[in-house]
Amino acid sequence: MHKLLSVSLVVIAIGAGCGADSNRHKNIDIDNDTEKYITHIIDSQKDAANSGHLGNIINNVSADFLGTPYKANMLIGSSTQSEKLVINLNGLDCFTYLDYVNALSKSTETNNFVKQLINTRYINSDISYKNRKHFFTDWSQRYPLNARDVTAEISPHSVVVTKHLNQRENGSEFIPTLGVTTRDVVYIPAAFVDRQVVHNLKTGDYIGIYTHIKGLDVTHAGIFIMTPNGAIFRHASSLKNNSGVVDLPFIDYVKNTPGIIVLRAL
């Protein structure tokens, strides 16, 4: 983790209704070091931003988090607890990592970052637990869109599965009160993730690790990066021998999974 960062930034949003304009920030708890760190990341990718290559920006931003510790359950909110917009860069799980990378890659200044994070994390930019984008494919299905699903374009061997997201095999909900969303999910089975697929992927593509578990679309997520030494999977890993944001060989990682979903940032 970058040495400039020492504490978390917590933004609590209150107010009624949907949309960014209806949210009011009661408190922004940010210290100078945290603000400097966010500014550092945004400033460091301005040259890449001017080049117009979003994938390069995502690469630069995501690399800044290499070595950041893995921490689960960093967000505050549930079906019984009010949602708070938490921005905490001290520890990341695989989804909050993608949240911050996506928001930072689209931020032109520090003040713009909070808005971009709200757009990334919440449906209709409404800060509430029910409208949190809980599923990976929400990024390409629920507005504001974060990405476009390009899975079917990446491989002719892609498979379509109708999923009832949030519905367990016994009919109960993974997330109480959220409801069930029926969605066609496209994925590439791991057996077909080969050199041609790697050739069709682009640096900065968001990769979801598909799952056969009913009611879920993925169980993990990360970022595809092409390097001079080959393709890597950059992600916040919970494994003890990693326990943080790491780079691992892409194909070696994917071959031990059911397959991948590919979202391309907008």
Side-chain angles (χ1 to χ4, degrees), residues 5 7-31 34-35 37-38 65 68-107 110-147 163-168 172-181 183 206 208 215-221 236 238 263 265-266:
L5 181 62
V7 300
S8 65
L9 159 64
V10 179
V11 183
I12 303 175
I14 62 174
C18 297
D21 290 339
S22 65
N23 292 310
R24 294 294 181 266
H25 304 305
K26 182 180 179 181
N27 181 46
I28 298 179
D29 183 6
I30 180 171
D31 71 301
T34 302
E35 187 170 6
Y37 183 64
I38 293 172
F65 289 99
T68 302
Y70 180 92
K71 290 185 181 179
N73 305 315
M74 296 294 285
L75 301 185
I76 298 174
S78 70
S79 58
T80 58
Q81 182 182 20
S82 297
E83 182 81 1
K84 294 181 181 180
L85 177 61
V86 176
I87 306 173
N88 189 331
L89 306 182
N90 284 304
L92 308 167
D93 62 26
C94 65
F95 286 105
T96 55
Y97 177 44
L98 265 57
D99 274 353
Y100 296 134
V101 168
N102 189 68
L104 283 164
S105 68
K106 296 178 180 179
S107 300
T110 305
N111 292 338
N112 183 244
F113 168 70
V114 173
K115 177 182 177 181
Q116 294 297 339
L117 183 62
I118 293 170
N119 290 343
T120 295
R121 187 174 288 169
Y122 297 101
I123 298 166
N124 295 326
S125 304
D126 176 33
I127 302 172
S128 65
Y129 182 71
K130 185 174 183 179
N131 282 304
R132 196 190 294 173
K133 296 175 185 176
H134 292 278
F135 298 95
F136 181 71
T137 51
D138 285 345
W139 277 34
S140 63
Q141 297 286 329
R142 306 302 298 267
Y143 289 91
L145 300 181
N146 299 332
K163 288 271 191 174
H164 303 288
L165 298 178
N166 198 42
Q167 186 177 64
R168 296 178 184 270
S172 65
E173 295 183 356
F174 283 99
I175 303 171
T177 75
L178 185 64
V180 176
T181 299
R183 179 176 297 162
Y206 297 121
L216 301 178
D217 51 4
V218 306
T219 52
H220 192 52
S238 62
L263 303 184
L266 294 171

message: Quick one: does any side-chain atom of Lys84 pair with a main-chain N or O of Ile127 as donor and acceptor, under 3.5 Å?
response: no
message: Ignoring hydrogens, what is the shortest heavy-atom contact between Thr120 and Asn146? Give both atom names and the distance.
response: O-ND2, 2.9 Å
message: Restricting to non-hydrogen atoms, name the atom on Pro144 and the atom on Ser125 that form the minimum distance, rounded to 0.1 Å.
response: CG-OG, 3.5 Å
Option from Arg183, Arg132, Lys133 for which side chain to side chain donor-acceptor pair (under 3.5 Å) with Asp138 holds: Arg183
message: Could you measure the distance from the CG atom of Asn73 to the CG atom of Asp93? Nearest 0.5 Å is fine.
response: 7.5 Å
field: Interatomic spacing from NZ in Lys115 to OG in Ser107 - rounded to 0.5 Å
entry: 10.5 Å
- prompt: Trp139 versus Leu266: any side-chain heavy-atom pair under 4.5 Å?
  reply: no
message: Could you tell me if Asn102 and Tyr206 have a donor-acceptor pair between their side chains, going purely by distance under 3.5 Å?
response: yes
message: To check you understand the geometry: which heavy-atom pair defines the closest contact between Ser79 and Pro176, and what is its length?
response: CB-O, 3.5 Å
- prompt: Phe135 versus Asn166: any side-chain heavy-atom pair under 4.5 Å?
  reply: yes
- prompt: Could you go step by step and tell me if His134 and Phe95 meet the ring pair (Phe, Tyr, Trp, His ring centres under 6.0 Å) rule?
  reply: CA-CA 9 Å; His134 292 278; Phe95 286 105; 9.9 Å; no
message: To check you understand the geometry: which heavy-atom pair defines the closest contact between Leu117 and Val86, and what is its length?
response: CD2-O, 4.5 Å
task: Measure the shortest side-chain to side-chain distance between Val180 and Leu165 over non-hydrogen atoms and say whether it is less than 4.5 angstrom.
output: no
- request: Report yes or no: do Glu83 and Tyr122 form a side-chain donor-acceptor pair below 3.5 Å?
  value: yes
field: Tyr100 and Phe113 aromatic ring geometry - parallel, tilted or perpendicular at 30°/60° bounds
entry: tilted
query: Of the non-hydrogen atoms in Lys163 and Leu216, which two are nearest, and what is the gap between them?
result: NZ-O, 2.9 Å
message: Let's go through Tyr129 and Leu178 carefully: what are the C-alpha distance in whole Å and the side-chain angles of both, what is the deciding distance for side-chain contact (heavy atoms from CB on, under 4.5 Å) to 0.1 Å, and is it a yes or a no?
response: CA-CA 9 Å; Tyr129 182 71; Leu178 185 64; over 6 Å; no
- prompt: Do Val114 and Ile87 come within less than 4.5 Å of each other through their side chains, counting heavy atoms only?
  reply: yes
task: Report the C-alpha distance between Arg121 and Leu75 in whole Å, list the side-chain angles of each, state the deciding distance to 0.1 Å, and finish with yes or no for side-chain contact (heavy atoms from CB on, under 4.5 Å).
output: CA-CA 11 Å; Arg121 187 174 288 169; Leu75 301 185; 3.4 Å; yes
field: Taking every non-hydrogen atom, the tightest pair across Pro69 and Asn90
entry: CD-O, 3.5 Å
- prompt: Does Thr96 use its side chain to pair, donor to acceptor, with the backbone of Leu92 at less than 3.5 Å?
  reply: no
query: Can Asn131 and Ser128 be counted as having a side-chain donor-acceptor contact under 3.5 angstrom?
result: yes
query: Thr137 and Asp217: side-chain donor and acceptor closer than 3.5 Å?
result: yes
task: Drop me the distance from Met74's CE to Asp99's CG, to the nearest 0.5 angstrom.
output: 12.5 Å
field: Atom pair CD (Gln141) and CG (Leu145), whose distance is rounded to the nearest 0.5 Å
entry: 8.0 Å
- prompt: Does Lys130 reach the main-chain N or O of Thr177 with its side chain, forming a donor-acceptor pair under 3.5 Å?
  reply: no
